Amino acid sequence: MFDLPVLNAPAQEASLYAPSDAATQDQAARKLYVETYGCHMNASDSEIVKGVMHSNGYAMTDKPDDADVILLNTCAIRDNAEKKIHERLKHLKFYKRRRQDLVIGVLGCMAERMREELVIQKNIVDLVIGPDEYRTLPALVEKAFQGEKGIAVKLSRVETYDDIEPLRTEGISAWIAIMRGCDKFCTFCVVPFTRGRERSRAAHLIVDETKRLWDAGFKEVSLLGQNVNSYHDDVAGTDFADLLRATARAVPEMRIRYTTSHPYDMSDKLIETMAEFDNICKYVHLPVQSGSDRVLQAMNRDYTVEHYKERLRKIKELMPGCALTTDIIVGFPTETEEEHHMTLELMREIRYDGAFMFKYSPRERTKAWKMEDDVPEETKTRRLNEIIEQQQRIATEINQALIGTIEKVLVEGEGRRDATKWKGRTDTNKFVMFPHLTDEASGKTAGYVVGDIVSIRITKATSMTLVGEIVA
Ligand code: 5AD
Ligand code: SF4
């Protein structure tokens, strides 16, 4: 479901920010179900949507069958993301047949371009609401209950939802969106069109929010933006490195992560700030997209492979243990076999801990849309398989080299498939499984709870997972 690295996983049942006031106690409160697709930014937006609706008296449900309002928070980054939504909508048609008064809404990145098709042609959807219009939700949902369809898709230059308290319902990890939109206009990417211009939240509000999260029991925070290196609080004159420093100082025991960075403006100051603070996680997601300068230029990425490698050298020089992940697109228009091999070569040279790898998908309104999508589908598939295979081999080797080492793991809770195994993450964002030690006589967990940082000796490793045992 998520395209970006999974930085946050539901971890515990206790709801630190769960609805606890009138909305849940009032039996008559209407119930809202939100389903989220796409990146972490969308996950964070869903929390804002829930926050808006909760303060308007809605109760939350995690079962669509129980809901009076179903909202899909959509992603438009690639064609297959949109296909998933269309499939889901077909399915939701049955819910609607069963319950005439059910309100169904489409939110997020697909809203702008799908408004007419979704509301008028398909007649399944009552509401279409873009990423900058979530404040209109309660009023439009109310009207939808009266039978009136609603569309609100205007993008804003100023909306940051600064005064909205996101409804965070679970976990020890929280997301904070520090900025919205993107001004980079990579030629393949629809985000500048679906999410609009870049705008940053005030630094002091972000630092205050982080402190409140720490006080509420969260142990980790991820600062989010499409391109966090462009963060700028114009009033305070604060750039992203300053914000990171202020946050790290404000909550010295909280793990701090961020995503996503753009290689063009990954500054020395930012790398030095990361190195300076123990509580800033030693993990960088730095999308390279391609190993060819010509392709990077055609993508309007604004850096060369050499500039990118130089940034990584700086990262490794100051933080030798820092984990690196990336995004790669294969089959961008005009990409030759030789250029594809340059990408493979770059990935071998850098040896990423992880990579998110995609076939190029043409998106309307982007510059690349006007180029011929001339790499055949079979070639894209083969190229994708080649980079995946190589990356899995490299990640397995990197992770197996950790066998025997002791890693500090933030305990997130039970594993999804096997309750006898618990899961957590290293500072470097590696996923770790370990036996859930219980004292047989009392049945109690031996010594640690969700949110603790424990020492785990790594005993096994695959490309995606480490397995280990607790060190007493
Ligand atoms: N086709 C394929 N992948 C894309 N991405 C963005 N737009 C497209 C597209 N049109 C990938 C990039 C980006 C990640 C979030 O999604 O690699 O970094
Ligand atoms: Fe899209 Fe490029 Fe902006 Fe990332 S930096 S969101 S790839 S336009």
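As the structure lists them, so they are numbered: ligands from 1, and atoms in each ligand from 1. Note that the coordinates shown come from a computational prediction; the quantities given were computed from them, not determined experimentally. All values below come from the heavy atoms of this structure, side chains included, with hydrogens, waters and symmetry mates left out.
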Can you list the atoms of ligand 2 that are under 4.0 Å from a heavy atom of [X]?
X: Pro192; answer: 8 (S)
X: Cys182; answer: 3 (Fe), 5 (S), 6 (S), 8 (S)
X: Phe185; answer: 8 (S)
X: Lys184; answer: 3 (Fe), 5 (S)
X: Cys189; answer: 1 (Fe), 6 (S), 7 (S), 8 (S)

Among Arg301, Arg78, Gln226, which one puts a heavy atom closest to atom 3 (N) of ligand 1?
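Minimum heavy-atom distance to atom 3 (N) of ligand 1 goes to Arg78.
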Which class fits the ring pair Tyr283 and His285: parallel under 30°, tilted 30 to 60°, perpendicular over 60°?
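Rings of Tyr283 and His285: parallel, under 30°.
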Check the angle between the aromatic planes of Phe332 and Phe188 and answer parallel, tilted or perpendicular using the 30° and 60° thresholds.
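Perpendicular.
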Quick check on Arg301 - does any of its heavy atoms sit under 4.0 Å from an atom of ligand 2?
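Yes.
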Please state which part of Ile329 comes within less than 4.0 Å of ligand 1, counting heavy atoms only: side chain, backbone, both or neither.
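The answer is the side chain.
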Using the ring centroid of each side chain, check whether Phe185 and Phe193 are separated by less than 6.0 Å.
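Yes - the distance between ring centres of Phe185 and Phe193 falls below the 6.0 Å cut-off.
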Carboxylate-amine/guanidinium proximity below 4.0 Å for [X] and [Y]:
X: Glu220; Y: Arg425; result: no
X: Glu165; Y: Arg212; result: yes
X: Glu345; Y: Arg348; result: yes
X: Glu35; Y: Lys84; result: no
X: Asp427; Y: Lys282; result: no
X: Glu82; Y: Arg363; result: yes

Of all the atoms in Cys186, is at least one N, O or S atom closer to atom 2 (Fe) of ligand 2 than 2.8 Å?
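For Cys186, the answer is yes, given that an N, O or S atom comes within less than 2.8 Å of atom 2 (Fe) of ligand 2.
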Would you check if Thr343 and Val330 make a side-chain contact, meaning some heavy-atom pair closer than 4.5 Å?
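SC-SC contact between Thr343 and Val330 ruled out.
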Give the numbers and elements of all ligand 1 atoms closer than 4.0 Å to a heavy atom of [X].
X: Tyr360; answer: 1 (N), 2 (C)
X: Gln289; answer: 12 (C), 13 (C), 17 (O), 18 (O)
X: Phe358; answer: 3 (N), 11 (C), 14 (C), 16 (O), 17 (O)
X: Lys359; answer: 1 (N), 2 (C)
X: Arg363; answer: 10 (N)

Within reach of ligand 2, part of Asn227 (heavy-atom separation under 4.0 Å)
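Answer for Asn227: neither.
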How far is atom 4 (Fe) of ligand 2 from its nearest protein heavy atom, and which residue and atom is that?
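Of every protein heavy atom, Gln226 O, 4.3 Å lies nearest to atom 4 (Fe) of ligand 2.
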